[in-house]
Amino acid sequence: MSSKPSAAQLRLRNIGVIAHIDAGKTTVTERFLYYTGVIHRMGEVHDGQAVMDWMPQEQERGITITAATTVLPWKKHEVHLIDTPGHVDFTVEVERSLRVLDGAVVVFCAVGGVEPQSETVWRQADHYQIPRLAFVNKMDRLGADFANCVQQMEDKLDCRPVPIQIPLGKEDHFEGVIDLMTMEALRWNTDDLGATFVSEELSDDLADLAAPWRERLLETLADEDDQIAEAFLNGEDLALADLRAALRKSCLNNRSVPVLCGSALKNKGIQPLLDAVVDLLPAPIELPAVIGVHPKTGEDVRFERNRKEPFSGLAFKVQLWDGRKHTYLRVYSGVLPSNATVFNASKQKDEKISRLLKLHADKKERLQKAQAGDIVGVVGLKLTTTGDTLCTRDHQVVFGEMEFTTPVISIAIEPKSSRDEEKLTESLTKMVEEDPTFTVKEDPDTGQTILSGMGELHLEIICDRLAREFHIPVNVGKPQVVFRETLAKNAEVTERFERKFDENSEAKNMFAAVTVEARPLTRGAGIQFVNDIQTPAEGTAMPQDWIDAAEAGLREATGSGPQTGYPMEDISLRLKGIKHRDGETTAISVHIAAASAFRSLYQKAGTSVLLPIMALEVATPDAFTGTVIGDINARGGKDEELVKKTAHTTIRARVPMTKMFGYSTDLRSITEGRATFSMQFLEFDIV
C-alpha cells in the first residue's frame, strides 16, 4: 500500500509538445521558456535562434529534427517538457518520447486543421493512452477557422474535443481569447511581448457568442459529475473549482480533450495553456502503477510510481554529445543516486553510471540523484540502447519494447578519403545506436556501404552530420528504394539434405528431408509458421528441437528474396513433414534442409516485388488542382480523397515511393511554389 504522495510529487508534470510540421510546436515551447523565466530573450524558428532547435541542421532548415528536453517552473510546479519533431522522417523521436510521457500538448494550425502528421502523432498518443490538451495555434493567420479545426478533431481523430476557450476575433483582428470556464475576455499587452494580459467581463455581444460554446462545455462536464449535471439542469451557478475538477477527471480518463487557442508567434494565449498543463494533466504519482514482466519468470511485475519503491526506469533515447554517449532515462520508481550501479534487465548486465544530468536542450547540469517521475540524462552506460529497462538485480523487470517504422529509402556512400574507411564504420555504428529507424549494411556485390532511413531528408541529415560532427566527408550515390518480396502463388516442395563422410572419418553422416507448403498472405501479415506434422498413432512425437530448427531455417531463408535481395514477407509456411534416419538426423541437418526447401519454394512459385507505398497529401490552390492530380497519376499514384477548403483543395493519394524522388521541386514548379505536401510510409504492396 503506497503512502500519501507529497506535495512535491503532485507538482511534477512530464509533457510533450507534438504536432504536424510547421504547426508551431517549437514556437509554443519557446514562449513556455520565456514566460516561465528560463530564458530572457525569445528566439524565433525562422531566424534559426530557437533555444530548443540547437542542432546546426535544425537552425539552418527551420525544423525540429531531434526531441529536446527541458525543465520549466510554473506556479510552484516543475514541468519536464520534450519538444518533438513534426517531420515524418523523424517520427521515431515522437514515438520514443510519448513512450515515457504522462501528458501531451497537441498543437494544431488554425488554417490547416488536422493535418497528416497530426493524425500520426495522435494515434501514437492513443497507443500509450496519454491524456492530451489541444492548442489551436496561428489564430492570427489568414483563413484561421477555430470551429472547423475542432470539428476536424472530432471527425478525423475520433475524440471528444471540449473547447474551454474560443478566439476573440480572428486573422488580423485576433485580440485574445474568451475563457469559457470563467466567462471572461483575456487580452494580451503588446508592449511587453505578451508577458501580461488583462481579464475583462464579457460584453453582451461576446456573451451571446460564448453561450453555445459554454453550454457544450457544461454538457460534457455534466456527463462526468452528477452534481454538475443537477446544477446545470436547474440553471444554478457552478463553482469554478468544481468545473475544473470535473474537466480534469474527464481529461485524465481520456474521455475528452480540452481545447485552447492563441497565436504563439504573436505572444497570445500561452500563459493559460501553461495553467491548463498544471491544472488538467496528471502528475506521475497519480497514474496507475507501471507494469512490466520479470525477465526470467515472465510474470507481471508492478511498480508504484513513488520514491519508496525499488528503482526502475526506461532508457528511451541515446544521443552522442561531444563524442560521448548520453542516455535519456525516465525514472518510473525509486531513487537513483549518481555513480550508482544499475542492472540492465533487457541485456542482463550490470551498468555503472558516471553522471546524472538535468537537461535543457543542449545544456547540461549535474545532479546528485534522480527520483520517481524524473526525466534525466545519464553518462556512462555502455551497453544500454533505446528501449532497455534499468532496475536493481533484486527487483528485476522489463517494460514493453518499442516498435519502430521500417526504413523505406537507401543510399550508397563511401568516404572521400580511403583513410576514413575504418572511422566511417565506427561513426555509423554510433549513429545506428542513436536512431532505431536508421540501418547500415554492406552490399555483398559492390562492397558499398548502404544507409537506409525514413526519407531523403533523414539521410541528408545523416550525411551532413558525418561531415560536421565526425569530420568524414562522403560521396553519396543516388537514392534507392527499399523493397520487399512475397510469393506469387501457392507451392509445396520436399527438399533433402544429405552428406556422407568417409568411413575413416570421425564425422557422422548427416541427413534430413523437409516438406513445406507455402502460400502468399494479405499485406502486413508478416511471416507465419505453422507446424502441421501429425503425431503418428504409436505416439512418438517429432523432437521439438527439430521443429524449432526447421522454423529457424525457413525464417532465415526469407531474409533475402531472389529478385531484389531484400527480405520476403506476407507468407504462410506450413511444415508438413520431416524424414529422418537414426543417428544421422540432427537439428543442424533439419535447419539446412528447411532453408534449402524455402529456396526451392520461391523458385517453383515465383515472387512478386513489393514497393513501399506512401500516403501523400497535397494542399494546393484550386487553380492547380487538375495539374497536381494529373502529375500524381503520371507517377503511378491513385487519388483517394479530395477535400475542398476555402480557396484551396487537399488531395490525398497513394503513391509508389520509386516515383517520388525530387517531388518537392516538381510540385513547386507546377504550382508556382504555392502548394505544400506531406508524405509518409503506408505499407509495402504490389503496384
Side-chain angles (χ1 to χ4, degrees), residues 15 17 19 23-24 27-28 31-32 35 74-75 103-111 113-114 131-141 144-154 157 159-171 173-189 194 196-203 205-221 238 240-248 250-251 256-281:
I15 68 163
V17 183
T27 305
V28 168
R31 270 54 182 176
F32 279 176
Y35 297 131
W74 185 252
K75 296 190 173 178
V105 174
V106 189
V107 181
F108 297 96
C109 172
V111 180
V114 177
R132 275 148 277 178
L133 305 175
F135 182 70
V136 181
N137 191 28
K138 304 189 178 184
M139 284 306 309
D140 59 306
R141 288 272 300 276
D145 191 335
F146 177 79
N148 179 59
C149 190
V150 172
Q151 188 61 50
Q152 285 190 41
M153 289 178 62
E154 196 167 331
L157 305 179
C159 69
R160 189 181 189 183
V162 183
I164 58 175
Q165 295 176 350
I166 59 173
L168 188 54
K170 66 176 183 177
E171 299 178 348
H173 303 292
F174 178 63
E175 301 176 43
V177 301
I178 296 174
D179 189 326
L180 299 174
M181 300 283 280
T182 62
M183 291 300 280
E184 294 177 325
L186 310 181
R187 289 183 169 87
W188 272 261
N189 296 321
T196 60
F197 58 92
V198 293
S199 304
E200 304 170 352
E201 289 187 13
L202 298 182
S203 61
D205 58 333
L206 291 181
D208 292 341
L209 175 68
W213 293 96
R214 167 80 172 184
E215 187 167 348
R216 173 177 176 161
L217 169 63
L218 296 180
E219 285 175 353
T220 302
L221 300 185
L238 295 160
L240 179 60
D242 294 338
L243 293 179
R244 188 172 287 131
L247 181 62
R248 189 171 201 267
S250 180
C251 178
S256 67
V257 180
V259 184
L260 301 90
C261 61
S263 170
L265 189 62
K266 296 297 176 65
N267 310 313
K268 296 175 182 176
I270 300 301
Q271 295 93 332
L273 180 58
L274 279 166
D275 288 342
V277 166
V278 300
D279 289 341
L280 303 178
L281 293 180

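On a predicted model such as this, the values are computed, not experimentally measured, just so you know. Residue numbers start at 1 and run along the sequence shown. Side chains included, hydrogens not; waters and symmetry mates left out as well; all remaining heavy atoms used.
Counting all heavy atoms, side chain and backbone alike, N137 lies closest to A264 at OD1-N, 2.9 Å. Shortest non-hydrogen contact noted between S256 and S250 is OG-OG, 2.5 Å. Scanning both residues, Q152 and V114, for their nearest heavy atoms gives OE1-N, 3.0 Å. What you find for F108 and A134 is that their closest heavy atoms are CE1-CB, 3.8 Å. Here the closest heavy-atom approach between residue S199 and residue L186 is recorded as OG-CD2, 3.3 Å. Listed here is the closest heavy atom pair of L180 and L217: O-CD2, 3.8 Å.
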Test side-chain contact (heavy atoms from CB on, under 4.5 Å) applied to V177 and L260, step by step: CA-CA 9 Å; V177 301; L260 301 90; over 6 Å; no

Decide side-chain contact (heavy atoms from CB on, under 4.5 Å) for L240 and M181; before the verdict, give the C-alpha distance in whole Å, the side-chain angles of both, and the deciding distance to 0.1 Å. CA-CA 7 Å; L240 179 60; M181 300 283 280; 3.8 Å; yes

Intermediate values then yes/no, side-chain contact (heavy atoms from CB on, under 4.5 Å), K170 and F146: CA-CA 9 Å; K170 66 176 183 177; F146 177 79; over 6 Å; no

Give the intermediate values and the outcome of side-chain contact (heavy atoms from CB on, under 4.5 Å) for residues R31 and N267. CA-CA 7 Å; R31 270 54 182 176; N267 310 313; 3.0 Å; yes

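Between D140 and L265 there is no side-chain heavy-atom pair separated by less than 4.5 Å. Between R216 and P161 the shortest side-chain heavy-atom distance falls below 4.5 Å. Under the 4.5 Å side-chain criterion, counting only non-hydrogen atoms from C-beta, V28 is in contact with F135. Using a 4.5 Å heavy-atom cutoff, the side chains of L273 and F32 are in contact.
Of the possible polar contacts, none joining the E200 side chain to the A185 backbone as a donor-acceptor pair under 3.5 Å is found. Counting only distance, with no hydrogens or angles, the side chain of N148 and the backbone of G113 share no donor-acceptor pair below 3.5 Å. Side-chain N or O atoms of Q165 include none that pairs as donor or acceptor with a backbone N or O of G176 at under 3.5 Å. Using modelled atom types, no side-chain atom of R141 and backbone atom of E171 make a donor-acceptor pair closer than 3.5 Å.
None of F174, Y35, F197 except one satisfies the ring-ring contact (aromatic ring centres under 6.0 Å, His included) rule with W188; the exception is F197.
The CG atom of L218 lies 11.0 Å from the CG atom of L247; values are rounded to the nearest 0.5 Å.
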